[in-house]
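Below: the structure, in structure tokens.
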Amino acid sequence: MAYWLFKTEPEELSIDDLAAEPARSFVWDGVRNYQARNFLRDQVQLNDLVFIYHSSCQPPGIAGIARISRAAYPDPAQFEPTSPYFDAKAKPEAPRWIAVDVQFTQKFARFVPLDKLKKSSTLIEMPLVRKGNRLSVMPVTAAQWQFIVSLTT
DNA sequence: GCCAACGTTGGC
DNA sequence: GCCAACGTTGGC
């Protein structure tokens with residue numbers, strides 16, 4: 001079992017959206033970066049746990065936890081011409097982009113803002129807090145995971 | 001809405 | 001296969 005952090009714009013999909021339908025699997029689609037795609041395709045496994053990070057909002061930070069309810073499969077949006085995630089170069093027999101499904105696990109009692117994460121020496125290696133890093137799917141070590149969870153109660 | 005960082009594209 | 005131009009991300 002591994003740990004991850006996924007970024008989402010809460011206006012698109014937030015921890016509250018997940019919490020509103022806790023039995024539902026949500027498609028995590030639209031990842032269009034190869035490094036992030038490779039994590040989804042090669043390493044993210046069923047039942048792995050995921051920090052849900054809210055980006056492009058005020059304040060940005062980690063809002064809760066989801067669980068991987070379906071491992072890698074071709075992102076359907078790449079084949080959908082009306083989707084903003086459509087990719088004309090992707091073919092069903094040779095998909096380029098990968099989706100997973102997530103299911104709500106927990107909303108933190110205390111939101112963990114990015115500025116707090118940046119102050120921690122425990123997290124200094126996380127891509128999230130590195131200047132200019134835009135990776136939207138990243139691994140989290142067990143030590144980082146436990147430290148962040150400890151900030152939420 | 002600005003802009004730094006950085007990945008991708010395409011001309012050569 | 002180099003690299004300049006371009007586009008996107010995402011905090012500020």
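Note that the structure is a prediction, hence the values are computed from the model and not measured. Values reported hereafter were calculated over all heavy atoms of this structure, with side chains retained and with hydrogens, waters and symmetry mates removed. First the proteins, then the strands, lettered A, B, ... as listed; each starts at 1.
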- Note on the structure: Comparing A:Gln58 with A:Arg32, nearest DNA chain C nucleotide closer to 5' gives the residue A:Arg32
What is the separation between atom [atom1] on [X] and atom [atom2] on [N], rounded to the nearest whole Å?
{"X": "A:Asn33", "N": "C:dT8", "atom1": "CG", "atom2": "P", "result": "14 Å"}
{"X": "A:Leu117", "N": "C:dC12", "atom1": "CG", "atom2": "P", "result": "11 Å"}
{"X": "A:Glu12", "N": "C:dT8", "atom1": "CD", "atom2": "P", "result": "15 Å"}
{"X": "A:Leu128", "N": "B:dA5", "atom1": "CG", "atom2": "P", "result": "17 Å"}
{"X": "A:Arg37", "N": "C:dT8", "atom1": "CZ", "atom2": "C1'", "result": "18 Å"}
{"X": "A:Tyr34", "N": "B:dT8", "atom1": "OH", "atom2": "C1'", "result": "9 Å"}
{"X": "A:Arg134", "N": "C:dG10", "atom1": "CZ", "atom2": "P", "result": "8 Å"}
{"X": "A:Gln35", "N": "C:dT8", "atom1": "CD", "atom2": "P", "result": "19 Å"}

- Query: Can a salt bridge be assigned to the pair A:Lys107 and A:Asp16 using a cut-off of 4.0 Å between side-chain N and carboxylate O?
  - Reply: yes
- Query: Are A:Asp87 and A:Arg32 ion-paired here, with the side-chain N under 4.0 Å from a carboxylate O?
  - Reply: no
- Message: Is the distance between the ring centroids of A:Tyr85 and A:Trp97 under 6.0 Å?
- Response: no
Just N and O in the side chain of [X]: are any of them under 4.0 Å from OP1 or OP2 of [N]?
{"X": "A:Lys131", "N": "B:dA5", "value": "yes"}
{"X": "A:Tyr53", "N": "C:dG11", "value": "yes"}
{"X": "A:Lys7", "N": "C:dG10", "value": "yes"}

- Task: Measure from NZ or CZ of A:Arg24 to the centre of the six-membered ring of A:Phe26 and say whether it is under 6.0 Å with the direction within 45° of the ring axis.
- Result: yes
